[in-house]
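Heads up, the thing below is written out as structure tokens.
We use all heavy atoms of the structure for the numbers below, so side chains are in, but hydrogens, waters and symmetry mates are not. All values reported here derive from a predicted model rather than from experimental measurement.
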Amino acid sequence: MKQLGFNATELSSYCRERGLFLEQVDRWSQTALDANAVLTMAKQRDLEKRHQQDQKEI
């Protein structure tokens with residue numbers, strides 16, 4: 001597992017020092033990745049809409 005630039009041992013140590021569970025870090029990481037995917041999809045829809053408008057204008 002490579003998250004936050006840590007290997008598994010470093011991540012475990014990081015979590016212990018801060019009172020976190022690995023599952024929490026996994027969920028936070030996945031949530032961030034999912035949010036980025038949603039933004040990317042929104043950008044794609046916006047680009048498609050602009051393309052359609054450009055086609056109508058042309």
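Side chain of Gln52 to main chain of Lys49: no donor-acceptor pair is present (N/O by atom type, distance under 3.5 Å, no hydrogens or angles). A distance-only check finds no donor-acceptor pair linking the side chain of Ser13 to the backbone of Thr9 [under 3.5 Å]. Using modelled atom types, one side-chain atom of Thr31 and one backbone atom of Arg27 make a donor-acceptor pair closer than 3.5 Å.
At least one side-chain heavy atom of Leu20 sits under 4.5 Å from a side-chain heavy atom of Tyr14. In this structure the side chain of Phe6 never reaches within 4.5 angstrom of the side chain of Val25, judged on heavy atoms. Using a 4.5 Å cut-off on side-chain heavy atoms (C-beta onward), Asp46 and Lys43 make no contact.
Glu48 and Gln44 share a side-chain donor-acceptor pair at under 3.5 Å.
Among residues two or more places apart in sequence or in another chain, the salt bridge (Lys or Arg N to Asp or Glu O under 4.0 Å) test is passed with Asp34 by none.
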